[in-house]
Amino acid sequence: MNYGTFDDAAREYVITRPDTPRAWSNYLGSRRYGAIITNHAGGYSFTRSPAEGRFLRHRYNAVPMDLPGRQFYLRDRDSGDFWSAAWQPVGKPLDEFKSTTRFGPGYAVIESAWRGITSEATYFVPLDQDFEYWRLRVTNPGSATRKLSVFSYCEFTTEWNLIQDTLNLQYAQYISDAVWRDGIILASSCKRLPEDPQNFANHDQSRWWWMTQLGGTIAGFDCEREKFLGVYRSYDRPEAVERGACGNHEHFSDNGCGAIQSDLELAPGESADVLVLLGIGQGPKAKSVRAKFGHVAACERELAKLKQHWHALLDTMQVKTPDADFDHMTNVWGAYNALMTFEWSRSCSLVYTGDQRDGFGFRDTVQDFLGVTGMMPDAVRERMVLMLSGQDSTGGAQPEIRPWSHAPGKMKPTPPHHYRSDDCLWFFNSVPAYVAETGDVEFYNEVVPYADKGKDTVFGHLRRALEFNLTRTGRNGLPCGLLADWNDCLKLGYKGESVFVTFQVRYGLQVLADLAAKLGKPKDQKWALAELAKLDKKIAKVCWDGGWFIWAIAEDGTVFGTKKAKEGKVYLNTQCWAILSGAATPEQTDKALAAVKKHLSSEYGVALCNPPFAKTPVKVMRAVLFNPGNKENGGIFSHTQSWVVLAEIARGNGDEAYRYYRAFMPAAQNDQAEIREIEPYVHCQSTHAPASKKYGRSRVPWLSGTASWSHFTATQHILGIRPEIEGLRIDPCIPKSWPGFSVKRVFRGKTLHIEVKNPRGVSRGVKSLTLNGTPIAGNLLPAKLLKNGVTIVAELG
Ligand code: GLC
């Protein structure tokens with residue numbers, strides 16, 4: 001069953017049934033002014049940080065799950081009947097209430113129809129501004145005049161710090177107020193204190209925000225939540241709406257809100273607009289924004305600019321393949337999902353609150369570059385420098401970087417027992433990908449400070465990352481797992497050994513050796529190759545269990561992931577990374593992938609391990625905390641799915657790789673939305689595995705390493721349009737049944753038209769390549785030949 005469709009021409013997902021299995025969401029704005037919105041106009045707004053800059057309140061995991069938000073209520077002044085511009089919160093019967101939501105990059109449009117009135121509510125944050133628009137267009141297509149009142153409503157926080165606002169009520173309920181001045185609600189928190197813009201996380205400062213409404217006759221306002229809603233009511237039946245009039249209450253302590261009433265009279269066929277502007281700042285700022293942006297033409301112009309911005313980013317790569325679902329993801333949603341994950345890390349959604357995970361988690365952020373480098377190389381470079389400056393001089397990383405308080409060179413070094421083993425190793429994937437995309441080889445020579453003290457070139461940072469792991473090894477000489485490797489639940493004891501990280505280090509040593517050769521650094525090359533040879537010996541001795549690679553070795557010598565183990569017998573990540581790092585022999589590759597297929601794969605993806613843990617002590621394996629088949633305890637962890645695809649591609653098996661790719665591709669499950677339940681247009685953190693009682697349910701949509709890895713895998717490895725320093729490699733690995741595909745790709749500022757033909761029905765292997773009709777030997781297009789507008793034809797065979 002589906003609840004909506006993809007409209008690729010408009011670059012929108014259109015929700016056609018509002019009673020989605022869960023509220024489905026989208027993002028507005030950027031770090032300057034960010035917001036979440038759902039198909040019921042639920043959600044919240046914040047500036048810079050959802051944990052420290054929250055001014056629209058949201059109660060997480062509440063009932064219903066996505067309210068309050070940005071409501072428009074409509075009321076017929078003759079009959080007293082009222083409804084909401086989205087289906088919820090009033091929730092009129094769906095046999096009569098019609099509603100459609102269009103989500104596009106950075107905006108939402110909710111259309112509805114109820115008893116002869118249609119409305120269209122558009123929400124977005126204009127580019128480079130710190131306010132949001134809600135535009136409601138109300139139409140009377142009927143034959144009689146209709147008298148309507150429109151009420152906007154949102155709930156304010158009292159303290160911009162999420163936890164204070166939510167839990168410290170004996171304090172937070174006495175610090176806020178809101179007044180009505182010149183048609184503007186001016187809201188504040190701690191308004192007697194000075195502002196402290198340099199120190200964003202300082203709670204002892206005043207914060208200011210505002211809301212105004214234009215259109216119709218402004219008939220009233222309410223800024224005190226209980227006055228608008230009523231004490232024993234909820235969002236479905238606000239007292240002011242039922243009564244038909246706001247009470248003009250300002251707010252002083254307790255809970256604030258923004259509610260403004262516009263009265264409209266619509267002749268037959270007539271439409272009217274109600275425009276809400278909500279932003280941060282004080283009265284003069286509010287007035288100047290209202291003067292400049294408070295009319296429909298400005299709103300339309302800003303929306304057009306916003307769409308143009310996003311469309312230009314998506315235009316950097318557009319594909320046409322035989323699989324429409326793949327195209328929905330690759331052309332629009334996969335790319336946009338990766339961009340949003342890059343922007344927000346794991347800080348804000350209906351699940352992520354900003355609490356615990358504010359700022360940029362190290363390992364996640366360094367992986368998040370992979371999917372967006374082609375779209376925004378400059379932003380990636382800037383963020384990469386930030387993350388490199390979060391590496392300690394030991395070579396390990398600070399666990400989280402908060403851009404508003406990060407001071408490179410001056411941070412306290414991470415306590416030794418807080419280091420994760422994998423954090424900086426992800427640079428070996430993302431830094432070369434950035435340099436290949438841009439040709440910016442000089443980046444390796446750029447000097448970047450370490451977080452605590454000292455500085456080095458980017459190349460030096462990479463080498464230091466490897467030294468960090470090579471000097472922290474366990475009893476078999478393999479790198480330690482430390483606090484965690486990629487898997488947050490792995491508790492091996494600080495000196496336990498991570499086979500996953502062993503393979504990451506192997507990969508890193510190979511990358512560094514190749515790089516050193518290119519950059520003319522023979523000593524580094526020699527060092528890396530010698531370390532690699534030493535490591536390979538240990539891998540050969542310790543890591544293979546006969547049918548597959550082991551998982552890890554705990555400090556006490558316990559070996560995980562062996563055929564003898566009752567729980568966690570086969571672990572996905574070490575099979576994939578043995579292959580991706582080049583450690584696995586061809587025979588081991590085949591066996592490891594066969595084990596993955598047999599023990600881990602399912603219709604909705606590949607489980608992280610199997611069987612899940614039930615009896616293993618939690619001290620050893622924290623995953624046992626989770627229900628079997630969930631998350632790290634043998635769930636289908638979406639982040640890892642691309643690694644299986646890449647491992648199958650490494651052995652040239654396009655059919656199997658694609659089967660794995662489709663299994664976790666959201667769009668492929670659009671017609672089974674009742675199973676997956678979450679948004680069919682974005683990735684998620686994990687899906688319940690067959691071992692779970694909720695097999696197939698997916699959870700934690702949007703922000704996940706999955707977005708980046710899957711977009712990277714689709715574009716650079718399935719389609720195989722892969723930047724390298726010297727040029728563009730054309731190396732697809734596709735299902736044999738695909739007759740070919742075409743790609744428009746912007747590479748280093750030039751637009752290229754690429755046609756791949758597969759007349760012999762193979763998966764891999766470019767047989768011939770032409771550029772504007774001229775044959776090119778091999779499958780690498782040299783950068784200097786790639787002029788704007790050229791046509792490239794590759795034939796597989
Ligand atoms: C979550 C974390 C990520 C970690 C993964 C596995 O997705 O964000 O950092 O690697 O879980 O534990």
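Atoms within a ligand are numbered from 1 in the order they appear, just like the ligands themselves. Because only heavy atoms are used, hydrogens play no part in the values below, and waters and symmetry mates are left out as well, while side chains stay in.
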(message) What protein heavy atom lies closest to atom 11 (O) of ligand 1? Include the residue and the distance to one decimal.
(response) F637 CZ, 3.4 Å

(message) Checking a contact table here: which protein heavy atom is nearest atom 10 (O) of ligand 1, and how many Å away?
(response) W486 O, 2.6 Å

(message) Test your reading of the structure: does Y352 have an N or O sitting under 3.5 Å from an N or O of ligand 1?
(response) no

(request) Decide whether an N or O pair under 3.5 Å exists between D488 and ligand 1. (result) yes

Hey, are [Y] and [X] close enough side-chain-wise for a donor-acceptor pair under 3.5 Å?
X: Y13; Y: N26; value: no
X: S25; Y: W702; value: yes
X: E567; Y: T616; value: yes
X: H683; Y: Q641; value: no

(message) Could you check whether R383 makes a cation-pi contact with F342, meaning its NZ or CZ is under 6.0 Å from the centre of the six-membered ring and within 45° of the ring axis?
(response) yes

(message) So that I can tick it off, tell me whether D488 and K631 are bridged by a salt bridge, with the cut-off set at under 4.0 angstrom between side-chain N and carboxylate O.
(response) no

(message) When you measure from the heavy atoms of H639 to every atom of ligand 1, does any distance fall below 4.0 Å?
(response) no

(request) Answer yes or no for R357: is there a heavy-atom contact with ligand 1 below 4.0 Å? (result) yes

(request) Report the residue from H599, Q588, K598 that forms a side-chain contact (heavy atoms from CB on, under 4.5 Å) with W548. (result) H599

Residue [X] vicinity, atoms of ligand 1 by number, heavy atom under 4.0 Å:
X: Q685; answer: 1 (C), 7 (O)
X: N487; answer: 12 (O)
X: E632; answer: 6 (C), 11 (O), 12 (O)

(request) Have a look at D364, N573, L490 and point out the one with the heavy atom closest to atom 8 (O) of ligand 1. (result) D364

